[in-house]
Amino acid sequence: MRVGLHAVGSLVLAFAGTGLEGCADEPASTEAQDRADAEAVAQVLAQQTPPPVELALQPITYVDIVENSAMTGTGCSFTPGGEEDPFAILSDGVGFVKYEGSIQRLAADAGTKEGPFGTREQYDGREYSLSIAIDQAKKEGESEASWAAPATLTMVDGYDREVARSEGRVGCGG
């Protein structure tokens, strides 16, 4: 049995030696080659990335809210300038937007700064992420329990490209 193992060990050493000799013939990687490789990878990725598609947010109606009780309670709703119905409803842990005729549920990004009434600055969905910037220095209202302020809502796609942006007001309360 020892002879068999010795023969196998010799073969392994023989192949390992020839493998090392083959590596010595390969040219060393150069800075120019590394740059060319990086450019080639970037070109392939650019060709595989679809163009951004503008997202048309739609108003969330009273009927939509009645059909989904998770949209009620304490939180904030964003209404773009000139609109009556909100385009986003945000609360503790969850947010909602409507596009293509369908309500989309977004999860609050716990890693972002907390906003008023348990909301977050960012909410993530399957296809898009929502960010809201509220100018609380300009809030209006008679109490801390309910107020409104100027805000900007931004939606980005999975490639972090802005696909919707709207200036408006956010109403917060319980």
Side-chain angles (χ1 to χ4, degrees), residues 34-35 37-174:
D34 290 344
R35 199 171 328 123
D37 291 346
E39 288 173 8
V41 168
Q43 284 179 344
V44 169
L45 290 175
Q47 290 173 354
Q48 293 176 348
T49 304
V53 176
E54 187 174 330
L55 184 63
L57 293 179
Q58 299 168 313
I60 298 172
T61 65
Y62 177 75
V63 172
D64 294 326
I65 295 169
V66 168
E67 290 176 357
N68 189 341
S69 63
M71 285 192 251
T72 61
T74 304
C76 298
S77 60
F78 173 82
T79 306
E83 294 288 333
E84 291 183 21
D85 292 324
F87 277 40
I89 295 177
L90 312 171
S91 65
D92 183 17
V94 66
F96 298 92
V97 293
K98 183 176 180 180
Y99 56 87
E100 296 177 2
S102 178
I103 298 292
Q104 301 297 314
R105 186 181 185 113
L106 309 170
D109 185 338
T112 61
K113 184 178 173 189
E114 188 172 337
F117 298 93
T119 62
R120 292 288 177 171
E121 287 185 345
Q122 184 169 325
Y123 291 79
D124 299 317
R126 197 173 306 147
E127 298 171 330
Y128 302 102
S129 292
L130 173 150
S131 295
I132 186 129
I134 303 171
D135 187 353
Q136 292 191 49
K138 295 182 180 178
K139 68 182 178 180
E140 306 163 356
E142 297 181 20
S143 73
E144 286 296 311
S146 179
W147 50 267
T152 303
L153 178 124
T154 306
M155 299 286 294
V156 297
D157 66 10
Y159 299 96
D160 288 329
R161 300 176 299 193
E162 186 176 294
V163 293
R165 182 179 189 83
S166 185
E167 300 287 329
R169 299 191 60 74
V170 69
C172 297

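In this text the structure is predicted, and so the values were computed from the model without any measurement.
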| What's the verdict on side-chain contact (heavy atoms from CB on, under 4.5 Å) for Glu144 and Lys139, showing C-alpha distance, side-chain angles and the deciding distance? | CA-CA 10 Å; Glu144 286 296 311; Lys139 68 182 178 180; 3.0 Å; yes
| message | Test: disulfide (SG to SG under 2.5 Å). Region: residues 98-174. Which pairs qualify, not counting sequence neighbours? | response | Cys76-Cys172
| field | Qualifying disulfide (SG to SG under 2.5 Å) pairs with a residue from residues 110-152, counting only residues at least two apart or across chains | value |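 As it turns out, there is no disulfide (SG to SG under 2.5 Å) pair with a partner in residues 110-152 once direct neighbours are skipped.
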| task | Please name all residues satisfying side-chain contact (heavy atoms from CB on, under 4.5 Å) with Gln43, sequence neighbours left out, ordered by chain then number. | result |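 Applying side-chain contact (heavy atoms from CB on, under 4.5 Å) to Gln43 gives none.
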| said: Holding to side-chain contact (heavy atoms from CB on, under 4.5 Å), I want the full list of residues that pass it with Ala148, two or more places apart in sequence or in another chain. | reply: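 Applying side-chain contact (heavy atoms from CB on, under 4.5 Å) to Ala148 gives Arg169.
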| remark: With sequence neighbours left out, the residues meeting salt bridge (charged side-chain N to carboxylate O under 4.0 Å, His left out) with Glu39 are none
| With Lys138, which residues qualify under side chain to side chain donor-acceptor pair (under 3.5 Å), at least two apart? |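 Counting only residues at least two positions away or on another chain, Lys138 forms no side chain to side chain donor-acceptor pair (under 3.5 Å).
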| side chain to side chain donor-acceptor pair (under 3.5 Å) involving Asp135 - partner list, sequence neighbours excluded |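 If we apply the side chain to side chain donor-acceptor pair (under 3.5 Å) test to Asp135, skipping adjacent residues, there are no hits.
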Distance-only check: which donor-acceptor pairs under 3.5 Å involve side-chain atoms of residues 64-75, not counting sequence neighbours?
residue: Asp64; atom: OD2; partner: Thr61; partner atom: N; Å: 2.9
residue: Asp64; atom: OD2; partner: Thr61; partner atom: OG1; Å: 3.1
residue: Asp64; atom: OD2; partner: Lys98; partner atom: NZ; Å: 2.9
residue: Asn68; atom: OD1; partner: Ala70; partner atom: N; Å: 3.1
residue: Thr72; atom: OG1; partner: Ser69; partner atom: O; Å: 2.7

| Pairs satisfying side-chain hydrogen bond (donor to acceptor under 3.5 Å, both in side chains), at least one member in residues 116-126, at least two apart |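 Matches after skipping sequence neighbours: Gln122-Asp124, Asp124-Ser129.
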| field | Qualifying side-chain hydrogen bond (donor to acceptor under 3.5 Å, both in side chains) pairs with a residue from residues 146-161, counting only residues at least two apart or across chains | value | Thr152-Glu167, Thr154-Arg165, Asp157-Arg161
| task | Measure the shortest side-chain to side-chain distance between Leu57 and Leu153 over non-hydrogen atoms and say whether it is less than 4.5 angstrom. | result |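 Yes, side chains in contact.
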| field | pair Ile134-Pro116: side-chain heavy atoms closer than 4.5 Å | value | yes
| message | Show every salt bridge (Lys or Arg N to Asp or Glu O under 4.0 Å) that has at least one partner inside residues 52-61, sequence neighbours left out. | response |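 The answer is none; no pair qualifies.
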| said: Tell me whether Gln58 contacts the main-chain N or O of Gly101 through its side chain, where contact means a donor paired with an acceptor under 3.5 Å. | reply: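 The answer is yes, because a donor-acceptor pair under 3.5 Å joins these two groups.
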| task | To the nearest 0.5 Å, tell me how far Leu55 CG sits from Tyr128 OH. | result | 5.0 Å
Mind listing the side-chain donor-acceptor pairs of residues 84-95 below 3.5 Å, one per line with the distance, residues two or more places apart or on another chain?
residue: Ser91; atom: OG; partner: Val94; partner atom: O; Å: 3.2

